[in-house]
Amino acid sequence: ASGTTLNGVAGHLVQITSATENSYIDTLTGTNDVWMGGTDFATEGVWLFSGGVLNGLQFWQGTSTGSAQNGFYTNWAASQPNNSGGGGSQYQSFLDGGTWDDIRSTGSSKQTYVIEWEGSQVLAPTNTTTLAGGDGLDLLYGAAGQDIFLFEAASAFNNIDKVYNYGIDDLDKLDIGDLLSGYVAGTSDDDLFARFVVSGADLLLQVDANGATGGSSYTSVAQLMGLGGTTLNVEEMVANGFLVMT
């Protein structure tokens with residue numbers, strides 16, 4: 001899959017990070033079982049994404065009695081992953097119906113796969129608008145094209161700005177880099193500095209300005225209106241450039 005390019009960007013086997021995406025892939029693939037972009041080849045039971053901007057991030061620990069890691073969505077079939085065959089089942093597979101399995105790389109009849117690209121890498125926004133509210137409660141309305149919602153340290157913690165029409169499909173960004181202290185891209189744990197919390201029909205973007213220093217202390221800086229039913233993963237958002245932390 002890495003040899004397949006779009007606009008010069010290498011693709012990778014599909015990595016599913018939400019129930020919505022999982023349902024779409026099930027519709028797309030019909031009755032076929034397909035290869036997915038996850039493996040525990042390096043360390044048994046440590047399931048990592050392989051390829052793309054999520055490469056190397058862990059999404060599952062253990063066998064069927066294990067647990068999801070780093071807030072990632074999972075949908076293993078009953079009693080899976082089970083590492084059947086004496087340790088050879090090290091690759092992730094998507095089953096007809098939408099559940100997942102762990103299988104061997106050889107001896108399988110599976111020949112179908114789905115290649116994925118990150119939109120932020122292959123699509124160029126037709127226009128970009130930066131929206132930065134000042135002090136006080138601000139209502140920030142996104143429009144067509146890419147919107148960058150900018151939060152600045154001087155005013156972001158005074159009120160919770162309301163963000164309307166935020167959409168990843170438009171490559172919209174949430175920029176909290178000015179709020180953070182001690183964050184090092186590629187080294188710091190993103191989840192210690194930001195999180196998304198459901199609040200009724202909406203989704204709150206919360207920030208811990210200094211991460212692990214001084215303990216956990218999150219403050220809401222934005223209310224993403226109407227996105228309470230949406231799963232946004234901090235690690236994935238940072239990796240794709242949708243959550244800017246520097």
Side-chain angles (χ1 to χ4, degrees), residues 1-25 28-29 34-43 46-61 68-75 90-94 100 113-126 128 145-151 166-177 179-180 183-196 203 205 207 211 224 227 230-246:
S2 61
T4 303
T5 62
L6 178 63
N7 292 346
V9 178
H12 56 83
L13 290 173
V14 65
Q15 299 162 348
I16 296 176
T17 56
S18 72
T20 299
E21 184 181 13
N22 198 78
S23 178
Y24 172 73
I25 295 300
L28 182 68
T29 56
V34 302
W35 295 100
M36 297 176 66
T39 178
D40 70 341
F41 179 83
T43 303
V46 178
W47 284 89
L48 309 176
F49 291 115
S50 179
V53 296
L54 298 181
N55 184 60
L57 291 179
Q58 185 178 3
F59 63 91
W60 185 263
Q61 175 68 46
Q69 302 293 302
N70 296 311
F72 284 110
Y73 167 84
T74 58
N75 195 40
Q90 298 171 322
Y91 298 92
Q92 187 185 16
S93 168
F94 188 93
W100 308 349
Y113 55 89
V114 175
I115 300 178
E116 178 179 14
W117 290 266
E118 280 63 50
S120 59
Q121 294 185 330
V122 298
L123 300 176
T126 55
T128 299
Q146 182 185 57
D147 297 304
I148 301 174
F149 297 93
L150 178 63
F151 302 93
Y166 175 80
I168 288 178
D169 290 344
D170 288 331
L171 308 182
D172 290 349
K173 298 185 178 186
L174 301 165
D175 189 335
I176 59 172
L179 310 183
L180 307 183
Y183 176 81
V184 179
T187 300
S188 298
D189 186 342
D190 302 331
D191 292 303
L192 295 179
F193 287 85
R195 68 185 183 185
F196 293 97
L203 200 62
L205 169 59
V207 170
L224 307 183
L227 296 186
T230 303
T231 300
L232 297 182
N233 178 277
V234 169
E235 298 269 6
E236 182 184 10
M237 292 278 286
V238 172
N240 282 285
F242 299 132
L243 180 61
V244 180
M245 302 180 74
T246 57

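- Counted by atom type alone, Asp40 and Trp60 present zero donor-acceptor pairs between their side chains at under 3.5 Å.
- Note on ring orientation: taking the six-membered ring where Trp is involved, the planes of Tyr91 and Trp35 are perpendicular (angle over 60°, cut-offs 30° and 60°).
- Taking 4.5 Å as the limit, some side-chain heavy atom of Phe151 sits within range of a side-chain heavy atom of Leu174.
- You'll find the side chain of Gln146 stays beyond 4.5 Å of the side chain of Asp170, heavy atoms only.
- Residues Phe72 and Glu236 are in side-chain contact: their nearest non-hydrogen atoms beyond the backbone lie under 4.5 Å apart.
- Residues forming a side-chain hydrogen bond (donor to acceptor under 3.5 Å, both in side chains) with Asp172 (at least two apart in sequence, or on another chain): none.
- How far CD of Glu118 is from NE2 of His12: 3.5 Å, rounded to the nearest 0.5 Å.
- A distance of 8.5 Å separates OG1 in Thr128 from CG in Leu171, rounded to the nearest 0.5 Å.
- Leu48 and Gly56 get closest at one heavy-atom pair: CD2-O, 3.7 Å.
- Distance CG/Leu150 to CD1/Ile176: 11.0 Å, rounded to 0.5 Å.
- In this structure, CD1 in Ile168 is found 12.5 Å from NZ in Lys173, a value given to the nearest 0.5 Å.
- Here the straight-line distance linking atom CG of Asn55 with atom CD of Gln15 works out to 7.5 Å at 0.5 Å rounding.
- A distance-only check finds a donor-acceptor pair linking the side chain of Asn233 to the backbone of Asn70 [under 3.5 Å].
- The CG atom of Asn22 lies 3.5 Å from the OH atom of Tyr73; values are rounded to the nearest 0.5 Å.
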Starting from the C-alpha separation in whole Å, work towards a yes-or-no answer on side chain to side chain contact (heavy atoms under 4.5 Å, CB included) for Leu203 and Leu232.
-> CA-CA 9 Å; Leu203 200 62; Leu232 297 182; 3.7 Å; yes
Kindly indicate, with the supporting measurements, whether the criterion side chain to side chain contact (heavy atoms under 4.5 Å, CB included) is fulfilled by Phe196 and Leu205.
-> CA-CA 5 Å; Phe196 293 97; Leu205 169 59; 3.8 Å; yes
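- The closest donor-acceptor contact from the side chain of Asp147 to the backbone of Phe149 lies at 3.5 Å or more, if one exists at all.
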Step-by-step side chain to side chain contact (heavy atoms under 4.5 Å, CB included) determination, Trp100 to Ile16 = CA-CA 10 Å; Trp100 308 349; Ile16 296 176; 4.0 Å; yes
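- The two residues Gly11 and Ile115 have their closest heavy-atom pair at CA-CG2, 3.8 Å.
- Side chains of Leu54 and Glu235 form no contact here, defined as non-hydrogen atoms less than 4.5 Å apart.
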With side chain to side chain contact (heavy atoms under 4.5 Å, CB included) as the test, would you mind laying out the steps for Thr39 and Gln92 before giving the verdict?
-> CA-CA 6 Å; Thr39 178; Gln92 187 185 16; over 6 Å; no
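- Nearest approach of Ala194 to Leu243, heavy atoms of both residues: CB-CD2, 4.2 Å.
- Of all the heavy atoms in Ala10 and Trp117, the pair that sits closest is C-NE1, 3.7 Å.
- For Met245 against Tyr183, the heavy-atom pair with the smallest separation is O-CD2, 3.2 Å.
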